[in-house]
Structure formats: structure tokens, C-alpha cells
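Just below is one structure, and these are the notes that go with it.
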Amino acid sequence: MAPVGLREWLAIAPVLASGKLARYGDDTGGPLLRFEADFCAKFNVQHGLTMSSGTAALVAALVAAGIGPGDEVLVPAYTWIATAAAPLAAGAVPILVEIDQTLTMDPTDIVRKITPNTRAIIPVHMANMVCDMDSIMRIAREHRLIVIEDACQAVGLTYKGRRAGTIGDVGAYSFNQFKNINIGEGGALVTDDPRLFARARMYHDIGSLFRGHLDNANEPPILGINFKANQIQGAMLNVQLKKLDPMISRMRKRYDAMTEILAKSSMMRVGPHNDPTNAAGLHVIFETAEAAGAFAAENKRGVYRLYDSSRHVYTNWQPILQQRSGHPAMNPFNWSDRKIEYTPDMCAQSLDILKRTCRISLGENYPLALVTYLARRMVRQRSSATDELSYAT
């Protein structure tokens, strides 16, 4: 995760002293406006809106795109549950899509899951692994689908020269404590479409009717809810944004160093990446689930088997699988044009990959020498364990 320190404390102090903490409490726009301008310039996108969370950004993006009751939205079977919950918040239903060995949406399964009710795709750049956006955008354009990129777990990463989150129609980012930009909790939405931006801005601020915005792309006012960020978050974001690219550069160096070592092992295979030149997320794939579990048990610090991260595996999204909402009369599944069914084994390919795959932290805040030492130790431990098993057999 991105570290937080003295510079963030110093950035917050003037905001606290001013007493202007609210999004619209400062006539100058305050730190939030400055962050949005710098973020858009760095990411080469026209419009940016800071929000209370990445989940808020996803929901606002769907509403802005006009997604609602009767619509189906394709989401991956491996992601944080918010990706699948966001369509439900907008009144639509999520349709689960297999992942491939890059840990991101499998384009071939996207095509299989498209129905006449499909309106949008939410590809997730998972664990700093970027999606095959060339294939996804081609499929989306062929079927006239909206693409809302969930780049919450890949803030700042690039796909073939473009920042993740800026390739589709709308992008969503998260700035919580586990992300590449860390302010504890927060998010952002980006788009090049002025209409989508205007609708998202109105929806994220229930008081937008009274803010006096004059650049709403001739969109009539829509009622929203409160997803606004505050100026304390903006102050921290300005500091964190300066740290982002240097941190990703450190991740890249560690990725190259570690994969060179891990690739020499016959016990595991370095997972593929949709843009190897800019890779900054590392996972290894084993032949069996047992081997992956043993590897994670041997290396408890910075390594975990993906299947054991229950929060991100679709089989543990009980409210979604059981199609339960806060109130039966407001259940989006009742508004669907067809019966939606979920089963525990509906994405068997994804479960197989997750059971046999371990993610390895790149330790971007640790010395490179320590990271490479740990990589060599991982290889030695796995080789020794395999030798012992062969001898016993």
C-alpha cells in the first residue's frame, strides 16, 4: 500500500486552519479542485471527479450512463464485491464472467455472456494486472456496450501507453488504505464525455441543483445522493499523487528482478500479463491447488493464494448469489426480463485458476536486495519441499 507520512500531515494543517473543509465550502475550489486538475493532466483525461469511495465512483458511472432496471452488466468472477454490487445499486443485475490466467476478464467468455439485455461491461484491472482492453473495447463497440473500467486496484498503471481507467467510456478509482494512492478512503471518476461527467457530478451531490454549475452539457437536473469528498481528502490526494509514479517505477523494477528469479523454477510459472512491458503486478501459477497452498503457507509474508482471499471470490458474495436486497420491492432481480441464476460452480475456470495461483507482493517500500533475496528463498523452499515429497513417495 502507498505509505502516508509527514507530508500528508503538513498538507492537512492549512485546510484545518482555514475551517473550509466541505467540497463546496471554498470559493476557490480548494485542494480538491487542484487535485482533479492535476490528476486529469497526468492521466490525459478531460474530466475528473473526486468521490467518497471507489464504490461510489462505480455507482455514479452506471447511473450517468443510464444503466438501470432490466439491464445486465458483465462483471468478473474475481474482484471486490463492490464491482458486482454497483449494478444492483443502479437497478441493474450483474452477470458473472470468467477470468483467465492474467486474473482479469476472459474476452472469450464476455462474448458468451452477452444477451439482448446486456448494456455494459465493467472490466477490472485486478491486483495491478491490467485487462486485455484491446479485445474488450472491440467487443464493446461491436455490441454497442458501455465500458466502465474498474481501475480501483491499479491506480496509475498503464496499458499500452494509456492509463488504466481512461480507455473505456468511464473509469473508477479507489484511494483506500490498500491502493496505490492511499488516503484511508476515497475515490474518483474520470471520463472524456462531458454528458457522462455532468450526470455523474449531479448524481454524486444531492444538492447539485443549488450549486450553480453552468457546464452541465444541457442535461436536465437529476436527483442524486451524497458521494462527495472533502477538502481534507483533497489535501492528502495532492501529496499522494506526487508519490504515485515513483512508486510504480519501484514496483516495475522489483517485478523485473523477481520474475527473472522465479521464472527459473520448474515448480511454478510466472503468470501472464496483458502488457508485459509495463507489468507491475506479480502472481505465480502452480499445477495443483495443493502446491499453491503449500507455497503460500511457506511464505506467509507478502504471499497469499488467491482463492483464500474470500472477499474477492464470487462464491462468497452471498447477498448477490442469493439475490437479496434491502427491500423485496426494490430488488433489481425482480425487474429483469429473464430469470437470473447463480450457482457456486458457474465460473469453474476462475475457481481453478484462483486455487492454483498465488499473488506475490513486490515490496516496493523495501530495499531491492531484500526483495530479490526473498524471491530466491521462495524458489529454494519450493524445490526442497518437492524433493522431500518425491523422496517420500
Side-chain angles (χ1 to χ4, degrees), residues 22-73 86-92 117-123 137 140-151 162-163 165-173 186-231 234 237 332 335:
R23 165 90 223 201
Y24 297 111
D26 188 333
D27 293 339
T28 68
L32 279 173
L33 193 62
R34 185 163 67 253
F35 166 73
E36 289 163 352
D38 292 347
F39 191 83
C40 287
K42 182 182 284 290
F43 281 53
N44 193 29
V45 67
Q46 291 297 311
H47 305 285
L49 180 65
T50 316
M51 305 184 78
S52 56
S53 68
T55 304
L58 288 171
V59 175
L62 288 160
V63 173
I67 306 301
D71 295 334
E72 297 176 7
V73 179
L88 292 166
N117 299 318
T118 306
R119 287 285 311 283
I121 307 173
I122 306 183
M137 293 305 296
R141 295 304 173 241
E142 288 174 357
H143 295 270
R144 302 181 70 179
L145 303 176
I146 302 278
V147 176
I148 298 172
E149 283 181 84
D150 182 337
R162 298 179 67 182
R163 300 274 187 173
T166 68
I167 302 166
D169 298 287
V170 192
Y173 301 96
L189 175 151
V190 298
T191 182
D192 285 326
D193 189 317
R195 177 179 176 272
L196 292 177
F197 174 70
R199 285 176 57 84
R201 184 172 59 184
M202 285 188 283
Y203 184 74
H204 105 295
D205 174 19
I206 197 167
S208 63
L209 285 73
F210 315 108
R211 307 296 181 193
H213 297 305
L214 301 178
D215 55 346
N216 274 350
N218 296 318
E219 280 294 304
I222 60 173
L223 190 63
I225 53 181
N226 185 8
F227 283 157
K228 297 193 302 297
N230 62 59
Q231 299 295 355
L237 285 168
W335 307 332

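Quantities reported herein were computed from a predicted structural model and do not represent experimental measurements.
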Verdict with reasoning, Phe227 to Asp205, per side-chain contact (heavy atoms from CB on, under 4.5 Å):
CA-CA 6 Å; Phe227 283 157; Asp205 174 19; over 6 Å; no
Any chance you could lay out the side-chain contact (heavy atoms from CB on, under 4.5 Å) test for Phe39 and Val190, step after step, and finish with the verdict?
CA-CA 9 Å; Phe39 191 83; Val190 298; 3.7 Å; yes
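Nearest heavy atom pair, residue Gly54 against residue Ala172, reads O-CB, 4.4 Å. The heavy-atom pair separating Gly70 from Asn117 by the smallest distance is O-CB, 3.8 Å. Nearest heavy-atom pair across Ala151 and Tyr173 is CB-CE2, 3.6 Å. Closest approach of Ala200 and Leu189 over heavy atoms only: CB-CD1, 3.8 Å. The nearest pair of heavy atoms linking Ala92 to Asp71 is CB-O, 3.3 Å. Considering all non-hydrogen atoms of both residues, Cys40 and His47 come closest at SG-C, 3.5 Å.
Remark: side-chain polar atoms of Asp192 are paired, donor with acceptor, to backbone N or O of Gln46 under 3.5 angstrom. In this structure, the side chain of Glu149 engages the main chain of Gly168 through a donor-acceptor pair within 3.5 Å.
The structure places CG of Asn44 at 7.0 Å from OG1 of Thr166, a figure rounded to the nearest 0.5 Å. Atom CZ of residue Arg144 and atom CZ of residue Arg119 lie 10.5 Å apart, to the nearest 0.5 angstrom. The distance from atom CG of Leu196 to atom CD1 of Ile148, rounded to the nearest 0.5 Å, is 8.5 Å. Atom CZ of residue Arg162 and atom CD1 of residue Ile167 lie 5.5 Å apart, to the nearest 0.5 angstrom. The structure places CD1 of Ile67 at 9.0 Å from CD1 of Ile122, a figure rounded to the nearest 0.5 Å. Once rounded to the nearest 0.5 Å, the distance linking CG of Leu58 with OG of Ser53 reads 8.5 Å.
Of the candidates Gln231, His204, Glu36, Lys228, Glu36 is the only one forming a side chain to side chain donor-acceptor pair (under 3.5 Å) with Thr50.
Taking a 6.0 Å sphere around CG of Asn226, one finds it holds more than 12 heavy atoms contributed by other residues, nucleotides or ligands. Atom CZ of Arg141 is surrounded by more than 12 heavy atoms from other residues, nucleotides or ligands within 6.0 Å.
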Name each donor-acceptor pair under 3.5 Å that joins a side chain in residues 28-35 to protein atoms two or more places apart or in another chain, with its distance.
from	atom 1	to	atom 2	distance (Å)
Thr28	OG1	Asp26	OD1	2.7
Thr28	OG1	Asp26	OD2	3.3
Thr28	OG1	Gly30	N	3.2

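Ion pair Arg195/Asp169 not flagged as a salt bridge, since none of the NZ, NE, NH1 or NH2 atoms sits closer than 4.0 Å to an Asp/Glu carboxylate oxygen.
Between the side chains of Arg201 and Asn216, at least one donor N or O sits under 3.5 Å from an acceptor N or O.
In this structure, Leu223 and Ile206 have side chains that are in contact, with non-hydrogen atoms separated by less than 4.5 Å.
Residue pairs satisfying the salt bridge (charged side-chain N to carboxylate O under 4.0 Å, His left out) criterion with at least one member in residues 44-60, sequence neighbours excluded, are absent.
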